[in-house]
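Everything numeric here is computed off the predicted structure, so don't read it as measured data. The basis for the numbers below is simple: all heavy atoms, side chains too, and nothing from hydrogens, waters or symmetry mates. In what follows, every chain begins at residue 1, and chains take the letters A, B, ... in the order their sequences are listed.
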There are 2 protein chains.
Amino acid sequence: MTRIELCDIEVVDRDAVERVQATQAHEDELGYLADTFQMLASPTRLRMVEALAGGELCVCDLAAVAGASPSAVSHHLRQLRQMRIVRFRKEGRMAYYRLDDEHISDLLRTGLEHVRE
Amino acid sequence: MTRIELCDIEVVDRDAVERVQATQAHEDELGYLADTFQMLASPTRLRMVEALAGGELCVCDLAAVAGASPSAVSHHLRQLRQMRIVRFRKEGRMAYYRLDDEHISDLLRTGLEHVRE
DNA sequence: TTGACATATGAGCAATCCTTCATATGTTCA
DNA sequence: TGAACATATGAAGGATTGCTCATATGTCAA
């Protein structure tokens with residue numbers, strides 16, 4: 001933990017700061033949450049997630065919808081899998097992806113509402 | 001628009017692809033949405049946003065809560081302002097920031113639910 | 001078994017991000 | 001007015017990202 005630059009009075013409202021600090025999520029939880037939002041911070045991945053909000057799709061069709069190469073899409077899918085944004089099932093040589101849970105489409109919908117307001 | 005690599009059969013389920021394409025958000029909207037999620041994709045900014053979910057704070061206190069320098073926090077706040085994640089009011093030489101609307105705390109809550117499940 | 005194909009993955013590169021340092025702006029108070 | 005201070009901002013550098021290209025894996029069909 002490096003020493004941080006601070007205002008001379010340190011904090012303006014010490015009570016407010018301590019109240020906030022008491023309720024903050026833990027470090028690792030926040031890091032994980034940041035990584036989760038990072039997954040939604042790319043237009044290509046957003047197109048993929050938006051497409052999957054309508055139902056499962058194979059990698060090939062995801063690539064067509066997202067306007068990206070199957071390779072790029074596959075790289076993205078691995079990240080989305082690791083962050084539990086998507087799940088997939090294998091059927092022969094095909095892989096069908098879907099959103100992991102309803103939180104993801106919630107995030108998408110709320111985000112769209114925000115940018116459209 | 002560069003030519004994209006495609007599976008030989010082009011798409012597996014043409015109907016599904018066309019159905020999805022018909023309902024996708026527009027390019028600029030998705031770009032804007034991606035930028036919005038990008039704002040939530042940094043632990044420091046997340047701590048700031050989480051803190052502001054509890055009420056308004058000045059830059060100095062935000063820096064204390066986020067464990068970052070006032071300079072770094074100010075840079076982040078400019079971005080958050082530009083993406084309409086936060087609003088602020090000036091009072092003398094102080095600046096008090098708050099979340100722009102309830103969508104932001106919704107995103108935070110839903111995100112936390114997702115990572116905690 | 002062999003060739004074609006859907007998907008996955010490693011390396012590498014340009015672009016972007018997050019922070020620090022230095023400095024600027026505007027306000028308060030002595 | 002001038003010093004102190006809260007906040008803002010530009011430049012710069014190391015870290016991270018998103019893509020492409022090359023290649024690997026596993027499946028299907030002839």
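In this structure, a donor-acceptor pair under 3.5 Å is present between the side chains of Arg81(B) and Tyr97(B). Counted by atom type alone, Arg84(B) and Tyr32(B) present one or more donor-acceptor pairs between their side chains at under 3.5 Å.
Judged by distance alone, with hydrogens and angles left aside, Ser71(A) brings a side-chain donor or acceptor within reach of the base of dC21(D), the pair sitting under 3.5 Å.
One finds a side-chain N or O of Arg78(B) lying less than 4.0 angstrom from the OP1 or OP2 phosphate oxygen of dG10(D). Dashed line: the shortest gap from a side-chain N or O of Gln38(B) to OP1 or OP2 of dC18(C) is under 4.0 Å. Remark: Tyr97(A) is not in phosphate contact with dA6(C), judged by side-chain N or O atoms under 4.0 Å from OP1 or OP2. For dT9(C), neither phosphate oxygen OP1 nor OP2 lies less than 4.0 angstrom from any side-chain nitrogen or oxygen of Ser74(A). Taking only side-chain nitrogens and oxygens, Arg81(A) comes nearer than 4.0 Å to OP1 or OP2 of dT9(C).
In this structure, Phe88(A) places its CZ atom 6 Å from P of dA8(C), rounding to the nearest Å. Atom CG of Leu62(B) and atom P of dA8(D) are 10 Å apart (whole Å). His76(B) has its NE2 atom 16 Å from the C1' atom of dG10(D), to the nearest Å. Distance CZ (Arg89(A)) to P (dT27(D)): 15 Å, rounded to an integer number of Å. The interatomic distance linking Gln82(A) (CD) with dT17(D) (P) rounds to 12 Å, in whole Å. Separating the CD atom of Glu56(A) from the C1' atom of dA6(C) is a distance of 15 Å, rounded to the nearest angstrom. Taking atom CG of residue Leu80(B) and atom P of nucleotide dT9(D), one finds them 13 Å apart after rounding to whole Å. The CG-P distance, from Leu77(A) to dT7(C), rounds to 10 Å in whole Å.
Listed here is the closest heavy atom pair of Leu46(A) and Leu40(A): CG-O, 3.4 Å.
Across dG18(D), dT7(D), dC18(C), the shortest atom-to-atom separation from the side chain of Ser42(A) is found for dG18(D). Comparing dT19(C), dT7(C), dT20(D) by their nearest atom to the side chain of Ser69(A) picks out dT20(D). The side chain of Arg45(A) sits closest to dG18(D) out of dT19(C), dA8(C), dG18(D).
With hydrogens and angles disregarded, no donor-acceptor distance shorter than 3.5 Å links the side chain of Thr110(B) to the backbone of Leu107(B).
Using a 30° and 60° split on the angle between ring planes, His114(B) and His103(A) fall in the perpendicular class, above 60°.
Applying side chain to side chain contact (heavy atoms under 4.5 Å, CB included) to Val86(B) and the options Leu99(B), Ile104(B), Leu62(B) leaves one that passes, Leu99(B).
Comment: Glu27(B) engages Arg47(A) in a salt bridge, judged by a side-chain N to carboxylate O separation of less than 4.0 angstrom.
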Protein proximity profile, nucleotides 24-30 of chain C - base contact B, sugar-phosphate-only contact S, no contact -, cut-off 4.0 Å on heavy atoms:
---BS--
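Using a 4.0 Å heavy-atom distance criterion, Ala72(B) is classed as a base contact.
One finds the CG atom of Leu33(B) at 12.0 Å from the CD atom of Gln38(B) (value rounded to the nearest 0.5 Å).
In terms of position along DNA chain D, the nucleotide closest to Ala95(B) lies nearer the 5' end than the nucleotide closest to the other residue of the pair Ala41(A) and Ala95(B).
Stacking between His75(B) and dT19(C) is absent: the ring centroid is not both under 5.5 Å from the six-membered base ring centre and under 30° in plane angle.
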